[in-house]
Number of protein chains: 2
Amino acid sequence: MDEYTDEQKLSVILKATSDPTRRSLLTTLVQQGPSRVTELAQHYDMSLNSISKHIKVLEAATLVTRKTIGRVHLIQAQLEPINEIDNWFKNLRSIWDLRLDDLETILNKEHCDDGSQQ
Amino acid sequence: MDEYTDEQKLSVILKATSDPTRRSLLTTLVQQGPSRVTELAQHYDMSLNSISKHIKVLEAATLVTRKTIGRVHLIQAQLEPINEIDNWFKNLRSIWDLRLDDLETILNKEHCDDGSQQ
DNA sequence: CGTATATTCAACCAAATGGATGAATATACT
DNA sequence: AGTATATTCATCCATTTGGTTGAATATACG
């Protein structure tokens, strides 16, 4: 995912996590540790191929890594990328707080002088 | 969005935020405070109608609210729902930490007894 | 070597998404 | 009343998405 900007990475991560099956897969992986594709698929009323595709979406979002041992693919959760979501939100909230501070300043000014600052 | 389960709400919120234009709209709204649809649209090389649709997606995800005053629709950011994402991630990470603790316990056991616990 | 197992690849399909445009609605202005 | 402005509604279109099935690939096992 190195060829993408941070913004694009964030989009990919958010979209990957927006599907309930994929979030469930992540939870299972975090609970059980590295798991085989077939093993993961058993939890779902869905074809193995569909799960395989979901895993590839997670992999593209770097939310899981794959270690191939013989014919078995071990899938492992990777939580770090979710921090990107966290950072985005923190940033948003800090802008928000900043604006509220400004508003407060304005309100305080209104309190002291003529209040012409709408 | 009351007719949805928490899981479904989370999906809607994540999907809504997964689009770069919509994240940008949220940022603009947080920076500038409540804004009109036309005003928001001016920031983008995209039709007013498309922006209107994006806003409706954000609205459906409860990430913005709308206050209609005459013919003007004032759109306001609403950051609370993003906490749902935060909660999901915190939960995931806590499961992760739990499993690491277990692993550590097992490793400690290996250290003391015969280590047969693979 | 032949067969079973684990997984992906390829093609297909219906539904959703993100965009556009043109018409409709509702409000404001003179 | 008539015109301009703000916004949504309705369609349409190309692309993506989430699922399916069947074939291919690669490894393991007897």
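Computed from a prediction, not measured in an experiment: that's the story for all the values here. Throughout, a chain's letter reflects where its sequence line sits, starting with A, and its residues are numbered from 1.
Of the candidates dC9(D), dG19(D), dG18(C), the closest approach to any side-chain atom of N49(B) belongs to dC9(D). Checked against dT7(C), dG18(D), dG22(C), the side chain of H73(A) finds its nearest nucleotide in dT7(C). Nearest to the side-chain atoms of K56(A) among the listed nucleotides dT7(C), dA6(D), dC9(C) stands dC9(C). Of the candidates dT21(D), dG19(D), dG19(C), the closest approach to any side-chain atom of S50(B) belongs to dG19(C). Each of dG19(D), dG18(C), dT7(C) was ranked by its minimum atom distance to the side chain of H54(A); first place goes to dG19(D). When distances are taken from the side chain of K53(B) to each of dG18(D), dA20(C), dT7(D), the shortest belongs to dA20(C).
Between the C1' atom of dT5(D) and the CD atom of Q42(B) lies a distance of 13 Å, rounded to the nearest Å. In this structure, D45(A) places its CG atom 13 Å from C1' of dT20(D), rounding to the nearest Å. In this structure, E39(A) places its CD atom 9 Å from P of dT7(C), rounding to the nearest Å. Rounded to whole Å, atom C1' of dT5(C) lies 11 Å from atom CG of L48(A). Taking atom CD1 on I51(A) and atom P on dG19(D), their separation rounds to 8 Å, with Å as the unit. Per the geometry, CG belonging to L58(B) stands 13 Å off P belonging to dT17(C), to the nearest Å. Taking atom CZ of residue R36(A) and atom P of nucleotide dA28(D), one finds them 13 Å apart after rounding to whole Å.
A distance-only check finds a donor-acceptor pair linking the side chain of S35(B) to the backbone of G33(B) [under 3.5 Å].
Of the inter-residue distances, the one linking D86(B) atom CG with I85(A) atom CD1 reads 9.5 Å to the nearest 0.5 angstrom. With values rounded to the nearest 0.5 angstrom, L26(B) atom CG is found 5.5 Å from L63(B) atom CG. Note that CD of E84(B) is 7.0 Å distant from NZ of K9(B), once rounded to the nearest 0.5 Å.
Nearest approach of T17(A) to L14(B), heavy atoms of both residues: O-CD1, 3.3 Å.
Between S47(B) and dA20(C), a side-chain N or O to OP1/OP2 separation shorter than 4.0 Å is present.
Counting only heavy atoms from C-beta outward, the side chains of R22(B) and V57(B) approach each other to under 4.5 Å. Counting heavy atoms from C-beta on, the side chains of R93(A) and N83(B) come closer than 4.5 Å.
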Original post:
What string of B, S and - do you get for nucleotides 24-30 of chain C, 5' to 3', when a contact is any protein heavy atom under 4.0 Å?
Top reply: ---BS--
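Taken residue by residue, residues 10-22 of chain A places no heavy atom nearer than 4.0 Å to DNA chain C.
In this structure, R99(B) forms a cation-pi arrangement with W96(B), its terminal cationic atom sitting closer than 6.0 Å to the ring centre and no more than 45° off the ring axis.
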**OP:** Verify side chain to side chain contact (heavy atoms under 4.5 Å, CB included) between H43(A) and I51(A), making sure each step is shown before the conclusion.
**Re:** CA-CA 10 Å; H43(A) 295 70; I51(A) 296 297; over 6 Å; no
